[in-house]
Amino acid sequence: MTPTMASSLCVFAAMSSGAVGRPGGGSAAVPGRSVSSGSKGKRAVSSQSQPLAASVVTETPAPAVAPGPPAPPRPVVDAPRRRGGRGGAGEHAAWKSIRQERWEGALELEGELPLWLDGTYLRNGPGLWNLGDYGFRHLFDGYATLVRVSFRHGRAVGAHRQIESEAYKAARAHGKVCYREFSEVPKPDSFLSYVGQLASLFSGSSLTDNSNTGVVRLGDGRVLCLTETIKGSLVVDPDTLDTLGKFEYTDRLGGLIHSAHPIVTDTEFWTLIPDLIRPGYSVVRMDAGTSERRFVGRVNCRGGPAPGWVHSFPVTDHYVVVPEMPLRYCAKNLLRAEPTPLYKFEWHLESGSYMHVMCKASGRVVASVEVPPYVTFHFINAYEETDADGRVTAIVADCCEHNANTSILDKLRLQNLRSTTRQDVLPDARVGRFRIPLDGSPFGELESALDPDEHGRGMDMCSINPARLGKKYRYAYACGARRPCNFPNTLTKIDLVEKTAKNWYEEGTVPSEPFFVPRPGAVEEDDGVAISMVSAKDGSAYALVLDAKTFQEIARAKFPYAMPYGLHCCWVPRNSDAA
């Protein structure tokens with residue numbers, strides 16, 4: 001392998017700047033919204049894969065009460081028109097760019113918020129998909145917009161702000177894409193600039209830091225916005241939404257990419273760093289209050305020619321589960337001027353699909369099993385099965401699984417999302433349950449944890465009660481589907497014991513990830529609320545608060561302007577010393 005080839009392998013996967021992943025007040029439910037339970041059915045078991053499939057402006061915000069005058073939107077220099085552009089008036093507000101860089105104000109309430117709900121909900125995601133008349137291709141290309149809803153004393157204050165990444169600031173200054181996004185690449189002005197772009201690609205300097213995917217609160221209180229490039233780890237202020245700067249790791253582990261969804265608790269931070277030269281993954285850990293990652297162990301890939309994409313992964317109390325799916329990073333796709341249907345990846349069904357288990361304490365791989373083909377963005381949770389003597393015999397890991405159908409990536413093109421044909425084109429998905437034996441068996445199992453019709457055969461963007469992380473659990477909260485649809489359009493509460501689902505639906509809305517917030521002092525697993533930012537077809541937007549037990553709406557906090565769709569969330573509890 002030449003140095004140039006090695007360098008390209010090192011950098012190509014980092015272009016994934018985003019991807020498609022984590023109790024109740026006494027108020028009565030708000031009438032007029034649909035909550036249903038799925039039809040009860042048999043547990044579905046399937047190990048056979050399905051066939052593979054080969055910017056705009058919102059309405060002007062209404063006036064709102066705010067601590068001070070909102071900053072005016074900064075103009076963006078127009079660029080040459082390309083398909084997509086500003087879009088049509090009939091497009092859903094979820095897929096339209098946010099109009100202004102920032103806003104803050106009191107939110108109008110419908111219903112009654114539980115008084116114990118005291119803290120800040122943050123949601124990150126792409127919110128700006130055009131530069132002037134130049135429209136981006138893909139949902140994951142958009143520049144990051146951070147949304148905040150602060151709850152206290154039964155009231156809510158909302159805000160949003162663009163994350164000030166270098167990629168966003170350069171695009172705003174020059175009116176064009178300056179870094180490599182998920183499907184967008186800078187357009188060279190000349191042959192010399194093209195050569196310079198290749199050099200910056202091989203060095204990694206052209207990789208985006210557009211942190212438009214996740215947001216997490218570390219154990220020491222720092223809040224990070226994240227994407228799959230390590231340079232895209234940015235520190236933000238959860239109160240002002242200011243971008244404070246790049247999160248600087250103080251170790252020498254290096255790397256250009258990592259999982260977009262680290263496992264974060266009050267005491268530690270776990271992530272995976274793919275190795276594109278010698279296909280495998282480094283498992284690393286960082287203690288709360290530090291910025292130093294420590295190497296725990298390495299998992300070698302069993303298939304090839306590159307590691308499988310690891311957007312997320314699960315852990316148990318004692319183990320880290322490392323997935324290796326046949327959707328693998330691909331160097332040649334990075335170098336294309338126009339993306340393929342799989343973008344920076346390539347499907348290698350012949351390479352096999354695997355699940356690896358590493359001991360947290362020793363860094364030793366204790367199991368590596370072949371499983372049926374799968375495609376997943378987001379793992380839900382994992383836990384340990386034990387025998388009568390308390391010995392761990394297997395790991396159970398659940399994920400939002402797309403029936404080994406890679407077409408979901410291309411379905412997230414903005415052109416597809418903005419379609420108004422009402423065709424039922426959302427690929428089927430399920431709660432995929434892996435069982436990984438620890439007795440040396442070469443094979444693991446993959447089946448459906450419940451009948452996918454319970455949640456409309458749509459399943460993604462999930463959360464659980466954080467107290468159940470890595471432990472046996474019963475409930476998960478996610479986005480499901482009421483068909484026909486081209487994108488998940490319901491919120492669903494999954495009961496993994498009864499194998500049923502409760503579904504919230506309001507016609508014409510696009511809800512984002514339902515994030516579970518436990519009631520302080522709660523004992524029962526579903527004692528809390530689920531919060532979701534919802535974009536409505538009429539251009540309105542609101543933070544929806546559901547009683548997590550009944551899955552009935554108890555309140556909504558309304559923004560005075562349209563809000564684009566977003567991805568992942570976190571909860572920042574209020575400091576007990578705060579006034």
Side-chain angles (χ1 to χ4, degrees), residues 1 5-6 8-16 19 46-54 228 255-260 271-283 297-314 319-334 340-358 363-379 382 395 397 399 401-409 432-438 440-447:
M1 178 181 295
M5 291 172 61
S8 64
L9 282 171
C10 285
V11 301
F12 73 86
M15 304 331 306
S16 301
S46 172
S47 62
Q48 183 175 0
S49 62
Q50 293 188 352
L52 302 176
E228 295 193 353
L256 294 173
I257 59 174
H258 57 180
S259 172
T271 194
L272 304 181
I273 302 176
D275 183 342
L276 288 309
I277 304 301
R278 297 182 303 120
Y281 312 91
S282 291
V283 178
R298 175 184 167 87
V299 172
N300 292 317
C301 288
R302 292 178 57 184
W309 185 25
V310 283
H311 184 65
S312 69
F313 65 100
Y319 300 98
V320 177
V321 181
V322 180
E324 183 189 343
M325 63 180 173
L327 184 61
R328 299 180 181 273
Y329 299 109
C330 177
K332 67 181 181 182
N333 283 355
L334 172 65
T340 72
L342 295 183
Y343 300 89
K344 312 307 178 189
F345 313 106
E346 199 167 57
W347 183 248
H348 288 277
L349 184 61
E350 77 290 345
S351 70
S353 307
Y354 308 95
M355 295 289 280
H356 313 277
V357 178
M358 176 180 288
R364 184 171 63 91
V365 176
V366 299
S368 179
V369 299
E370 187 170 3
V371 294
Y374 62 100
V375 169
T376 184
F377 298 125
H378 301 116
F379 278 85
I395 303 297
C399 69
E401 204 277 308
H402 298 276
N403 292 315
N405 187 344
T406 61
S407 69
I408 183 62
L409 274 171
R433 169 158 287 186
F434 294 94
R435 187 178 184 278
I436 309 165
L438 301 187
S441 301
F443 299 105
E445 302 169 6
L446 171 59
E447 60 183 19

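Bear in mind the structure is a predicted one, so any value in this text is a computation, not a measurement.
Between Pro279 and Pro305, the shortest heavy-atom contact is CG-O, 3.8 Å. Here the shortest heavy-atom pairing between Tyr329 and Gly308 reads CE1-O, 3.5 Å. Nearest approach of Gly444 to Pro372, heavy atoms of both residues: O-CD, 4.2 Å. The minimum heavy-atom distance between Ala367 and Pro437, with the atom names listed, is CB-O, 3.8 Å. When all heavy atoms of Gly297 and Met358 are compared, the closest pair comes out as C-CE, 3.4 Å. Nearest heavy-atom pair, Val310 versus Pro274, reported as atom, atom and distance to 0.1 Å: CG2-CG, 3.7 Å.
Remark: His356 pairs with Glu324, Ser368 by the side chain to side chain donor-acceptor pair (under 3.5 Å) rule, at least two apart or across chains. For Glu445, there are no side chain to side chain donor-acceptor pair (under 3.5 Å) partners at least two apart in sequence or on another chain. By the side chain to side chain donor-acceptor pair (under 3.5 Å) test, Tyr343 is found to be paired with Asp410, Arg413, residues two or more places apart in sequence or in another chain being considered.
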Q: Quick one: do Val322 and Leu272 satisfy side chain to side chain contact (heavy atoms under 4.5 Å, CB included)? Show the steps, please.
A: CA-CA 8 Å; Val322 180; Leu272 304 181; 4.1 Å; yes

Q: Start with the C-alpha distance between Asp275 and Arg298, add both sets of side-chain angles, then the distance that settles side chain to side chain contact (heavy atoms under 4.5 Å, CB included), and finish with yes or no.
A: CA-CA 10 Å; Asp275 183 342; Arg298 175 184 167 87; 3.0 Å; yes

Q: Determine, stepwise, if the pair Arg433 / Leu446 fulfils side chain to side chain contact (heavy atoms under 4.5 Å, CB included).
A: CA-CA 5 Å; Arg433 169 158 287 186; Leu446 171 59; 5.7 Å; no

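If you take NE2 on His258 and CD on Glu228, they are separated by 8.0 Å, rounding to the nearest 0.5 Å. Between the CG atom of Leu276 and the CD1 atom of Ile257 there is a distance of 5.0 Å, given to the nearest 0.5 Å. Rounding to the nearest 0.5 Å places CD of Glu346 at 11.0 Å from CZ of Arg328. Atom OG1 of Thr376 sits about 11.0 Å away from atom CD1 of Ile408, to the nearest 0.5 Å. Rounding to the nearest 0.5 Å places CZ of Phe313 at 12.0 Å from OH of Tyr281. Separation of atoms OG1 (Thr406) and CH2 (Trp309) is listed at 11.0 Å; rounding is to 0.5 Å.
Side chains of Leu409 and Leu327 form a contact here, defined as non-hydrogen atoms less than 4.5 Å apart. Side chains of Asn405 and Val375 form no contact here, defined as non-hydrogen atoms less than 4.5 Å apart. Residues Lys344 and Asn333 form no side-chain contact, since every pair of their non-hydrogen atoms from C-beta on lies 4.5 Å or further apart. Within the 4.5 Å cutoff, the side chain of Cys330 has no heavy atoms near those of the Phe345 side chain. A 4.5 Å side-chain heavy-atom check between Tyr354 and Val371 finds every atom pair outside the cut-off.
Under a 3.5 Å cut-off, the side chain of Ser441 and the backbone N or O of Phe443 do not form any donor-acceptor pair. For Ser259 (side chain) and His311 (main-chain N/O), a donor-acceptor pair under 3.5 Å exists by modelled atom type.
With hydrogens and angles left out, the side-chain atoms of Arg302 and Asn300 include no donor and acceptor closer than 3.5 Å.
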